[in-house]
Amino acid sequence: MDCKKLAEMLFPEELKTPEYYEEIYPPRDLPAGSKVTRLGPSPTGFIHLGNLFGAFADERLAHQSGGVFFLRIEDTDDKREVEGAVETIISSLGFFGINFDEGATMSGDVGSYGDYTQSRRGEIYRCFAKKLVEEGKAYPCFLTEEEIASIREEQETLKANPGIYGKWAKSRNLDIEDIEKRINAGEKFVVRLKSSGNLDKPEEAIRRIRVEDAIRGVLDMPENDQDTVILKATGIPTYHFAHVIDDHLMRTTHVVRGAEWLPSLPVHIELFEKLGWKPPVYCHTAQLMKLDEEGNKRKLSKRLDPELSLDYYRREGYHPLAVREYLLTVLNSNFEEWRIANPDSPAEDFEFSTEKMSNSGALFDLNKLNDISKDVLLKISASELYDFLKGWSEEFYPEAAPVLADREYLQRILDIGRNEDRNPRKDHICAVQIVKNISYFFDEFFAREDDMPEEVAAAGDIETVIASYLSTYDHSDNQELWFDKIREIAGELGYAAKPKDFKKNPELYKGHVGHISTVIRVALTGRRQSPDIWQIQQILGENRTRDRLKEYISQ
RNA sequence: GGCUCUAUGGUCAAGUGGUUAAGACUCCGCCCUCUCACGGCGGCUACCCGGGUUCGAAUCCCGGUAGAGUCACCA
């Protein structure tokens, strides 16, 4: 068969040569050891935790080594385009601190290895597809959907491996006149790789490919034998082909992607071989898993699991640093230890390594995120926290506006108990939770949620307690003096001034000072649990403090 | 079904032939304490199973089992 002629027939248009592209996209001039990584989202605009997870790895690998991290838009699946997706991708990633050095941006491409949008690289893919056809390594395939379906059926009854390969690849050996006739008749065709692999022989004889994966060690799997489609009928490349062409031409050194790509690795390797190129270092990451209703692990699905969406964390008001910190602990098993040893260092100082990446699927753990978030938020100043809450409220929760009305006031609330040297409070987790936690500081949201303690209620002392408290209340008392007065009230009414005394001889008392202060707490905040009452009163101010207490008695 | 990956407590995980099998989160108890949070102390709970190899196996080998992924003109 005259492959040259076939190539001309399939690609009649004017195309550049492979050499041309090799020349305009030369190997990058970077210091030895620099890694070039990329993120290749499809432009549905839906960035999920998995993307972010991989993006952190990409980002760290590149920036830690003085390399380049670029963004490539993989929009070869024309059916799923979403308007404005690129902007969404860049801004959501940016929110979590992921920034690109090169590639697609809001205002066009940056960098000299573009175009960075696959749909605009058609000529390049066609050039290399043509080359493969010329060399007899690819061919046009006219199989229709129905024909493929029936091949599949036959394979099923024969218990043969499904797919287009070997003898099943019926378009492999079409003669050139036939092809010409079909093309002239306007028949649609795809371009398939003519695989030289063969799995149809004794297992020991099957050629195996061995690839060193930076996360998993050596991968050992049978070679590819599928005549994978490289160019669709529309002329658009499949992921497989685009990946190989782009990552070669863009001089990517490390490809970080999910483990779901493992099975197609042999295809990619064969493509690299046939093109005469060296494959990048692959880093196949573990997938984020979730426990389903039956108690089984399964891959997080964007359809079923709202927590997979980055928006979920944004809406809940998790701080980006907390999400980042959490993902890093999942990403690198030794990050947590490092963090304990270096509580105040920026995460960038951590030496990230692919070897320490887990290769089994990690379950998403909200408890852990919350715990990490507490520590992260503790290190953020009240002023910054205010700005964060404000941004969050404006975007997702305008109802919280009253909380943000007075910056000074909110900052004092946020700082309650946080500036202790020894054991600072850590009760901020995420914006939704914070707003809920501090709602009683705002008359708009103040609600009486909890009941009075039974001990005091049963004795009928509630009103007496509040009345005596009110009568001795002096807003200028310091914390110590303030509490002494409560002890006094407790003693006068027959409650133990110290909880320990009550514990020793419960029969001697109606209750203890804790119960008395709980009465004050409930009257003041509507809850039985809160930070220190004295501090709350100082923030609330004398008038509001007195009003709340009076209001309770007058009910 | 084929191919592939994975397998240590409820979760995440150290561990690479000899350890009392780390640590973190959760849970429980105690302490601190005016409640909560924080903090401190303690506890529960683990090497998937079966065979080998070895003086000795969580670790090496073989065979199961289980879970996951993938088998598109999606990525």
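In what follows, every chain begins at residue 1, and chains take the letters A, B, ... in the order their sequences are listed. Fair warning: this is a prediction, and the values are worked out from it, not measured in the lab.
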So what does [X] hit on the nucleic acid, given a heavy-atom distance under 4.0 Å: a base, only sugar-phosphate, or nothing?
X: A:K485; value: nothing
X: A:R339; value: nothing
X: A:V190; value: base
X: A:R418; value: nothing

Atom-pair distance ([atom1] on [X]; [atom2] on [N]), nearest Å:
X: A:Y139; N: B:C73; atom1: OH; atom2: P; answer: 11 Å
X: A:H284; N: B:U4; atom1: NE2; atom2: P; answer: 15 Å
X: A:E420; N: B:A37; atom1: CD; atom2: P; answer: 17 Å
X: A:L143; N: B:A72; atom1: CG; atom2: C1'; answer: 13 Å
X: A:D247; N: B:A75; atom1: CG; atom2: C1'; answer: 14 Å
X: A:L158; N: B:G2; atom1: CG; atom2: P; answer: 16 Å
X: A:L377; N: B:A37; atom1: CG; atom2: P; answer: 18 Å
X: A:I151; N: B:A72; atom1: CD1; atom2: C1'; answer: 14 Å

Sequence neighbours left out, what pairs pass side-chain hydrogen bond (donor to acceptor under 3.5 Å, both in side chains) with at least one residue falling in residues 422-435 of chain A? A:D375-A:K426, A:R425-A:D427, A:Q433-A:N437
With sequence neighbours left out, which residue pairs that include part of residues 189-200 of chain A fulfil the side-chain hydrogen bond (donor to acceptor under 3.5 Å, both in side chains) condition?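 Only A:S195-A:E270, A:S196-A:E270, A:S196-A:K274 qualify under side-chain hydrogen bond (donor to acceptor under 3.5 Å, both in side chains).
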Please report the distance separating the [atom1] of [N] from the corresponding atom of [M], rounded so that it comes out in whole Å.
N: B:U26; M: B:G17; atom1: C1'; result: 34 Å
N: B:G40; M: B:G50; atom1: C1'; result: 46 Å
N: B:C73; M: B:A66; atom1: C1'; result: 36 Å
N: B:U4; M: B:C44; atom1: P; result: 42 Å

Parallel, tilted or perpendicular: rings of A:H268 and A:H243 (30°, 60°): perpendicular
So A:Y469 and A:W482, would you call those rings parallel, tilted or perpendicular, with 30° and 60° as cut-offs?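 If you compare the ring of A:Y469 with that of A:W482, the planes turn out perpendicular.
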Under the side-chain contact (heavy atoms from CB on, under 4.5 Å) rule, collect the residues that match up with A:F53, sequence neighbours excluded. A:T285, A:L288, A:L327, A:V330, A:L331
Once side-chain contact (heavy atoms from CB on, under 4.5 Å) is applied, do any residues pair with A:V456, and if so which ones, sequence neighbours excluded?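 Listed in chain order: A:P453, A:D461, A:I462, A:V465, A:Y495, A:H515, A:I516, A:V519.
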Check nucleotides 32-35 of chain B for protein N or O atoms closer than 3.5 Å to its own N or O atoms and list the pairs.
{"from": "B:C32", "atom 1": "OP1", "to": "A:K500", "atom 2": "NZ", "distance (Å)": "2.6"}
{"from": "B:C34", "atom 1": "O2'", "to": "A:S517", "atom 2": "OG", "distance (Å)": "3.1"}
{"from": "B:C34", "atom 1": "O2", "to": "A:S517", "atom 2": "OG", "distance (Å)": "3.3"}
{"from": "B:C34", "atom 1": "N4", "to": "A:D532", "atom 2": "OD1", "distance (Å)": "2.2"}
{"from": "B:U35", "atom 1": "O2'", "to": "A:R528", "atom 2": "O", "distance (Å)": "3.4"}
{"from": "B:U35", "atom 1": "N1", "to": "A:R521", "atom 2": "NH1", "distance (Å)": "3.2"}
{"from": "B:U35", "atom 1": "O2", "to": "A:R521", "atom 2": "NE", "distance (Å)": "3.4"}
{"from": "B:U35", "atom 1": "O2", "to": "A:S530", "atom 2": "N", "distance (Å)": "2.9"}
{"from": "B:U35", "atom 1": "O2", "to": "A:S530", "atom 2": "O", "distance (Å)": "3.0"}
{"from": "B:U35", "atom 1": "N3", "to": "A:R521", "atom 2": "NH2", "distance (Å)": "2.9"}
{"from": "B:U35", "atom 1": "N3", "to": "A:S530", "atom 2": "O", "distance (Å)": "2.5"}

Rounding to 0.5 Å, atoms OG (A:S119) and CG (A:D75) come to a distance of 3.5 Å
Say you draw a straight line from CD1 of A:I466 to CZ of A:R548; how long is it, rounded to the nearest 0.5 Å? 13.0 Å
Candidates A:Y139, A:Y165, A:W168 - the one meeting side chain to side chain donor-acceptor pair (under 3.5 Å) with A:D227: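 Exactly one pass, corresponding to A:Y139.
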Give every pair of a protein N or O atom and an N or O atom of nucleotides 27-30 of chain B that lie under 3.5 Å apart, one pair per line with the distance.
none

Whether the [X] and [Y] side chains hold a donor-acceptor pair (N or O, under 3.5 Å, no angle test) is what I'd like checked.
X: A:R521; Y: A:S530; result: yes
X: A:H284; Y: A:R257; result: yes
X: A:T117; Y: A:R120; result: yes

So which protein N/O to nucleotides 7-9 of chain B N/O distances come out below 3.5 Å?
none

Is the closest side-chain heavy-atom distance between [X] and [Y] below 4.5 Å?
X: A:I148; Y: A:T144; answer: no
X: A:I533; Y: A:Q537; answer: yes
X: A:T525; Y: A:I536; answer: yes

Protein within reach of the bases, or only the backbone? For nucleotides 20-26 of chain B, mark each nucleotide 5' to 3' as B, S or -, using heavy atoms under 4.0 Å. --B-BSS
Under 4.0 Å protein heavy-atom contacts per nucleotide of nucleotides 43-48 of chain B, with B for base, S for backbone only and - for none: ------
Under 4.0 Å from OP1 or OP2 of [N]: is there any side-chain N or O of [X] that close?
X: A:T238; N: B:A75; value: no
X: A:R422; N: B:C38; value: no
X: A:R257; N: B:A75; value: no

What pairs with A:R210 under salt bridge (charged side-chain N to carboxylate O under 4.0 Å, His left out), at least two apart in sequence or on another chain? A:D220
List in chain and number order the residues that pass salt bridge (charged side-chain N to carboxylate O under 4.0 Å, His left out) with A:R126, two or more places apart in sequence or in another chain; answer none if no residue qualifies.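 If we apply the salt bridge (charged side-chain N to carboxylate O under 4.0 Å, His left out) test to A:R126, skipping adjacent residues, the hits are A:E13.
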My understanding is that only one of A:D58, A:D246, A:L71, A:D247 makes a side chain to side chain contact (heavy atoms under 4.5 Å, CB included) with A:R38; could you say which?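 The option that passes is A:D247.
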Determine whether A:R418 and A:E420 satisfy the following criterion, salt bridge (Lys or Arg N to Asp or Glu O under 4.0 Å), listing intermediate values before the conclusion. CA-CA 6 Å; A:R418 291 211 317 158; A:E420 315 296 323; over 6 Å; no
Among residues 211-226 of chain A, which residues get a heavy atom nearer than 4.0 Å to RNA chain B?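 Result for residues 211-226 of chain A: A:R216, A:M221, A:P222, sorted by number.
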Between A:Y239 and A:W261, ring centroids under 6.0 Å: yes
Tell me which nucleotide among B:C71, B:G69, B:C73 gets nearest to the side chain of A:P162.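 The answer is B:C71, which lies nearest to the side chain.
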The side chain of A:S333 is closest to which nucleotide in this list: B:A75, B:A14, B:C38?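 So the nucleotide nearest the side chain must be B:A14.
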Closest-nucleotide ordering on RNA chain B, the 5'-leading residue of A:P263 and A:E145: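 Counting from the 5' end, the first nearest nucleotide belongs to A:P263.
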Report the base-pairing partner of B:C55 (Watson-Crick or G-U wobble, both distances below 3.5 angstrom), or none.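 Checking every strand shown, B:C55 finds its partner in B:G18, with both distances under 3.5 Å.
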